[in-house]
There are 2 protein chains.
Amino acid sequence: MSTQERLIETTRELLWERGYVGTSPKAILQRAGVGQGSMYHHFTGKPDLALAAIRRTGEELRASVDRLLDSRESAYGRVEAYLLRERDVLRGCPVGRLTMDPEVLASDELRAPVDETIAYVRDRLATVVEEGVDRGEFAAHLVPDDVAAAIVATVQGGYVLARASGATDAFDAGVRGLLALLRRTDRA
Amino acid sequence: MSTQERLIETTRELLWERGYVGTSPKAILQRAGVGQGSMYHHFTGKPDLALAAIRRTGEELRASVDRLLDSRESAYGRVEAYLLRERDVLRGCPVGRLTMDPEVLASDELRAPVDETIAYVRDRLATVVEEGVDRGEFAAHLVPDDVAAAIVATVQGGYVLARASGATDAFDAGVRGLLALLRRTDRA
DNA sequence: GTCTATATGCCGATAGAC
DNA sequence: GTCTATCGGCATATAGAC
């Protein structure tokens, strides 16, 4: 792996673990086993390197959501697949967590890939929910865009509950609760 | 207001805006208009001051949830009151955001008030949902604890969606989606 | 391209005067 | 109780050798 690659991958790890404010160039360089000069050769500085890292993390997340939702299962099955997907719950979402970072939010450039990624996931889920409503899998009065927002929010918020308690239980409970709410009770 | 009070209140503001890692003693002192010495007279250091601030924020949040849920409305009405409560959505949750802070999570002492507060809210909501299920307001197959987790998660995650986009719409959409899911469709 | 040396300023804390 | 002075170390970046 090239030095540039090593820097991006290491930055992705540290952004996930400690956020933007909590990640110093020095920490990146030490973990990557690279000297100061290399970083400033390939990138203009910390924001530039972080931007490359965030963009890649967003791409990967979108690709993984595509894999989960591009199945021929029922709409419920695909929502379930998204919610029950294997996750390192206590690590949280590598994209969502950046929304709690003051410097990321203050920079339109750093925030853009975060925004695009989350909007993409919500949009893809909305399409699935719409199909589910059309097919009668979900209740007819549901607004796909709103339900999709609730699904993504349940996941993002589930991380908050789990991390607060130091255990994954609360995340799983929230997912179970949402799935129960999605199941129709007005027919067999 | 005493100097000690000023320090706590200012720290609460900054923790909300910038988190623990992003908040320096210097920034606190400048905003509070207090000298370095005062802080180290009243508190042993940054963690000690932050603990006092987090505890108070947790107390206030719990009290505000009590006010919202201690009504004689229907269960649905109380859940709705919690979800539609006035919020500065883009600021996010002053307690929940701390779960994204590596140093808060690394300290059992700092994490404790965060955990207790979120667990308290979830617990109170679970009681409301249980009443709703008993009264037939909510579908009988719902598990109160799970639905309560989904409700809290939707709020916490709603902040993530809103902050990512820089607008409150996504938060409101998630709340609408969850409320629609809570409404029974199997009876008039 | 990668390294080390160096620079300025902030971080978190301590010392000690008043 | 509150202040200023001072400390060692890290944050972020630049300079320039190789």
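Being a predicted model, the structure only gives us computed values, none of them experimental. A note on names: the letters A, B, ... follow the listed sequences, proteins ahead of strands, and every chain is numbered from 1.
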- Item | Gap between atoms CZ and C1', on A/F43 and C/dT2 respectively (whole Å) | 14 Å

- Task: Using whole Å, report how far CG of B/L14 lies from C1' of C/dC10.
- Result: 15 Å

- Query: Any cation-pi pair here, B/K46 with B/Y40, using under 6.0 Å and within 45°?
  - Reply: no

- Using atom types as modelled and distance alone, determine if a side-chain donor or acceptor of A/S165 lies under 3.5 Å from a backbone N or O of A/A162. yes

- Query: Whole Å only: how far is the CZ atom of B/R6 from the P atom of D/dG1?
  - Reply: 17 Å

- Find the distance A/K46:NZ to D/dC10:P and express it as a whole number of Å. 16 Å

- Query: For the pair made of CG in A/L29 and P in D/dC10, what is the distance, rounded to whole Å?
  - Reply: 14 Å

- Among C/dC11, D/dA13, C/dG1, find the nucleotide with the atom closest to the side chain of B/K26. C/dC11

- Ring-face cation contact, B/W16 with B/R91, 6.0 Å cut, 45° max: yes

- More than 12 heavy atoms of other residues, nucleotides or ligands under 6.0 Å from CD of B/E109: is that the case? no

- Task: Return the value, rounded to whole Å, for the distance between atom CE of A/M39 and atom P of C/dT4.
- Result: 16 Å

- Query: Tell me: NE2 of B/H41 to C1' of C/dT14, nearest whole Å?
  - Reply: 15 Å

- Message: Is the terminal nitrogen or CZ of B/R87 (NZ for Lys, CZ for Arg) located under 6.0 angstrom from the six-membered ring centre of B/Y82 and within 45° of that ring's axis?
- Response: yes

- Rounded to whole angstrom units, what separation is found between the OH atom of A/Y40 and the P atom of D/dA11? 11 Å

Mind listing the N/O atom pairs, protein and nucleotides 3-7 of chain D, below 3.5 Å?
unit_1: D/dC3; atom_1: OP2; unit_2: B/G35; atom_2: N; d: 2.6
unit_1: D/dC3; atom_1: OP2; unit_2: B/S38; atom_2: OG; d: 3.0

- Task: Please figure out whether B/S2 or A/T44 has its closest DNA chain D nucleotide nearer the 5' end.
- Result: B/S2

- With a 3.5 Å cut-off and no angle check, do the side chains of A/Y120 and A/D66 form a donor-acceptor pair? yes

- Message: Please tell me if A/S24 has a side-chain N or O lying less than 4.0 Å from either OP1 or OP2 of D/dC10.
- Response: no

- Query: Side chains of A/T57 and A/R12: is there a donor and an acceptor less than 3.5 Å apart?
  - Reply: yes

